[in-house]
Amino acid sequence: MAYRTHFCGALRKEDISTTVQLAGWIHRKRDHGGLIFIDLRDHTGICQLVFKPQHTDVFERIEHVRVESVICITGAVIPRSEDTINHEIPTGEIEVDVHALSIENLAEPMPFPIADETQTSEDLRLKYRFLDLRRERLHSNIIYRSKVIAEIRKYLSALGFNEIQTPILTNSSPEGARDYLVPSRLHPGKFYALPQAPQQFKQLLMVAGFDKYFQIAPCFRDEDARADRSPGEFYQLDMEMSFITQDDLFVVLEGLFDQLTKTLSKKRIWQLPFPRIAYRDAMNRYGSDKPDLRIPLEIQDVTAIFENSGFKVFAQNTAKGRCVKALVLKGKANEPRLFYDKAEDYAKTELGLPGLAYIRYRDGEVQSPIYKFLSDAEKAKLIEALNVQTGDVVFFAAGAWEKTCKAMGTIRNYFGKTYPIDKDLLAYCWIVDFPMFEYNEESKKIDFSHNPFSMPQGGMDALLTKDPLEISAFQYDIVCNGIELSSGAIRNHKPDIMYKAFEIAGYTKEETDARFGHMIRAFQHGAPPHGGIAPGIDRIVMLYRDEHNIREVIAFPMNQKAQDLMTGAPSDVHEKQLRELHIKLDLPK
RNA sequence: GGAGCUGUAGCUCAGUUGGUUAGAGCGCCUGCCUGUCACGUAGGAGGUCGCGGGUUCGAGCCCCGUCAGCUCCGCCA
């Protein structure tokens, strides 16, 4: 005999006078002595059951059953009287008069309430993850995640993408994050690595002629956790396409996110197509390569105004590679003193800035610790250049370009919190034209700034003739509301350009062959132009669910120290297992 | 590796300048209750104040150390 004929959340007044079987968890219980109400919950929702003393056996058996026990019932759907209708729930017009009961599983008292969303300590929630997942918030997040993935598959399959799995046991790559290693039994002393991303495989799939590939790909990186970074493993929508330009890819991704937004959310995309902002502009205007465009503040450059200024702090920062940046806050000149003090304190403690100069253009007076150092001409130029009006306040920072931009970007985000932000606005944008190379201060050499397989803009000609630090790559990020969802690139499919790029980064031909021989070899046997991207699934779900911690969108996450508090992983293994793998432990004391 | 915050009943928390027997709500147990929907109501059980040391006549509270969780920095091609 079947367990159920209906789902709890599906019953309506149309079902009145039918006999139904329901199965689920006791969500809440209200025992009136001569009458017991139970809210029965399943995956679909909640339905009220009524137990009446006329059914003596059933009534007596349910009396001492605790919440979260699993029961199956048979009963009649009956209407509720007008005054007992519950307008808060979809099934509130009816209830089920129970006349048969099967108790499937008695629940011990819960370590924390399931029906209440009471804040509960993180370690307890992780230890009893199977209970936490019953709670409304997590349960709906996981269902939502499933829908996002289903919609992605639907959209990409319709565009001719093929979903292809790539190896989980693969090779260690010294670049990038720390690898998770897996010892080989058949090859003593050798190790597999779990993939940090299927990067090379997806490019090889393009060489193999599959044209368009995607995968909901697990990625493993042994790096420390953050609120938006799961330790150990996370999921990417990994994609790659052949014979495409950067613009072709943008169209596909914009369509995908438009589709996700329309079908799964009441949120709105701010601008479609997404704005495209060059990396350098993003740094100059927003102080970040992942700007939150919803914040109505933009950084301005005032370096030129202070050339030869009498104010030495600014004047010494007008040389090449240095700058003076200004951030105008409209109408914020008359905040309490604490507003400016707290901002300065934040700049000093969090950003390590020596201070945060400001000018308050108040009604009839200007209040500023630096105003007295400025000439009348500089004062006038500032007002003109920044379009300052009475009631505005301007903050300044000066120094090396990148550091100053980033500091101002952090200040911009800090002040951004004082403006109303539309939670349902999705301000997607593309950050484009990332530099191909960067100067590594530590090793005093030129490094790839992102993916070594990206195509330099200008191709071989640029590599041969331009200052490497001036070369841009066809390398882009997709950003939404200040969250970096992914990097991507049009790849370098030409071996000669690849050797040259590696040479600039300090690799000889032999070293390049040794490390990336299989890639070069592939590109020597007919490689199509191709490119791709790999948006983080977890972060997409966080964004659409307004969650600020990645654990809230993962069914079984690990804690900050990469432990699974439910299963106890990582754990000791038997001596025999170690022997088979030819591994001896050398533990720190 | 470093910094910050937190740690008191099963859960969420309060606990005064260091002072008698450490409290509340929820949950749990035993009753009463036929229209609740966070049901109501009476009673009861439940504590290594994270752990260790110190100061003190006396420590949940002060000091030192340590553990755990979270957040951030480093790290994340």
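Keep in mind that this is a model prediction, so the values were computed, not measured. Lettering follows sequence order; numbering is per chain, from 1.
- Each of R41(A), K29(A), R135(A) was evaluated against E68(A); a single residue qualifies, R41(A), per the salt bridge (charged side-chain N to carboxylate O under 4.0 Å, His left out) test.
- Taking atom P on both nucleotides, C57(B) is separated from U30(B) by 50 Å, rounded to a whole Å.
- Nearest to the side-chain atoms of Q199(A) among the listed nucleotides G69(B), U12(B), A77(B) stands A77(B).
- Between N86(A) and G35(B) there is no side-chain N or O to OP1 or OP2 distance below 4.0 Å.
- Near RNA chain B, meaning a heavy atom under 4.0 Å from it, residues 123-141 of chain A has D123(A), L124(A) in order of number.
- Counting only heavy atoms from C-beta on, N559(A) has its side chain closest to C70(B) among G74(B), U36(B), C70(B).
- With a 3.5 Å ceiling on both atom-pair distances, C37(B) lacks any Watson-Crick or G-U wobble partner.
- R515(A) has no side-chain polar atom (N or O) that falls below the 4.0 Å cut-off from OP1 or OP2 of A77(B).
- Taking atom C1' on both A42(B) and G60(B), the two are 32 Å apart, rounded to the nearest angstrom.
- Between D538(A) and R145(A) a salt bridge is recorded (basic side-chain N to carboxylate O distance below 4.0 Å).
- With distances taken from any side-chain atom of A227(A) to the nucleotides G1(B), C72(B), C11(B), the minimum falls on C72(B).
- As rounded to the nearest Å, C33(B) and C70(B) have C1' atoms that lie 45 Å from one another.
- Among the nucleotides C37(B), G35(B), G69(B), the one closest to the side chain of E95(A) is G35(B).
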Atom pairs, N/O to N/O, protein against nucleotides 22-30 of chain B, distance under 3.5 Å?
from, atom 1, to, atom 2, distance (Å)
C29(B), OP1, R66(A), NH1, 2.6

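- Remark: G7(B) base-pairs with C67(B). Criterion, Watson-Crick or G-U wobble with two distances under 3.5 Å.
- Using a 30° and 60° split on the angle between ring planes, Y128(A) and F112(A) fall in the perpendicular class, above 60°.
- For the side-chain hydrogen bond (donor to acceptor under 3.5 Å, both in side chains) criterion with D433(A), the lone passing option out of Q475(A), R280(A), Q457(A) is Q457(A).
- Comparing the C1' positions of G35(B) and C28(B) gives an interatomic distance of 26 Å, to the nearest angstrom.
- Remark: U30(B) base-pairs with A42(B); criterion is Watson-Crick or G-U wobble with both hydrogen-bond distances under 3.5 Å.
- Heavy-atom distances to RNA chain B give each of V50(A) and K29(A) a nearest nucleotide, and the one nearer the 5′ end belongs to V50(A).
- Counting atom types as modelled, D83(A) pairs no side-chain N or O with a base atom of G35(B) as donor and acceptor under 3.5 Å.
- The shortest distance between the side-chain N/O atoms of R30(A) and the OP1/OP2 oxygens of U36(B) is not below 4.0 Å.
- The gap from the C1' atom of A59(B) to that of U12(B) amounts to 25 Å, rounded to the nearest Å.
- Remark: Y499(A) OH is packed, more than 12 non-hydrogen atoms of other residues, nucleotides or ligands lying under 6.0 Å away.
- Distances shorter than 4.0 Å separate none of the side-chain N or O atoms of N451(A) from OP1 or OP2 on A77(B).
- Each of S121(A) and R178(A) was assigned the nucleotide of RNA chain B with the nearest heavy atom; the assignment lying further toward the 5' end belongs to S121(A).
- Taking 4.0 angstrom as the limit, K561(A) places a side-chain polar atom (N or O) nearer than this to OP1 or OP2 of A68(B).
- Remark: Q560(A) is in phosphate contact with C70(B), judged by side-chain N or O atoms under 4.0 Å from OP1 or OP2.
- Counting only heavy atoms from C-beta on, R229(A) has its side chain closest to G74(B) among U71(B), C37(B), G74(B).
- Ring centroids of F37(A) and F51(A) are separated by 6.0 Å or more, keeping the two rings apart.
- The shortest heavy-atom contact between K202(A) and I533(A) is NZ-O, 3.4 Å.
- Using a 3.5 Å distance cut-off with no hydrogens or angles, the side chains of T166(A) and Q215(A) do pair a donor with an acceptor.
- For C70(B), the base has no donor-acceptor partner in the side chain of R226(A) [N/O atoms by modelled type, under 3.5 angstrom].
- Across the P atoms, C61(B) and G18(B) are found 11 Å apart, a figure rounded to whole Å.
- Judged by atom type and distance alone, R80(A) reaches the base of U36(B) through a side-chain donor-acceptor pair under 3.5 Å.
- Residue contacts shown for N549(A) are limited to sugar-phosphate atoms, with no base heavy atom under 4.0 Å away.
- Checking U36(B), C70(B), C76(B) against every side-chain atom of A177(A), the shortest atom distance belongs to C76(B).
- When each of U36(B), A77(B), U12(B) is scored by its nearest atom to the side-chain atoms of T120(A), the top-ranked nucleotide is U12(B).
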Item to check | Evaluation steps, side chain to side chain contact (heavy atoms under 4.5 Å, CB included), between L40(A) and I46(A) | outcome: CA-CA 5 Å; L40(A) 190 68; I46(A) 285 170; over 6 Å; no

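- Comparing C76(B), A38(B), U12(B) by their closest approach to the side chain of T118(A) singles out U12(B).
- Side-chain atoms of E223(A) and base atoms of G74(B) include no donor and acceptor less than 3.5 Å apart.
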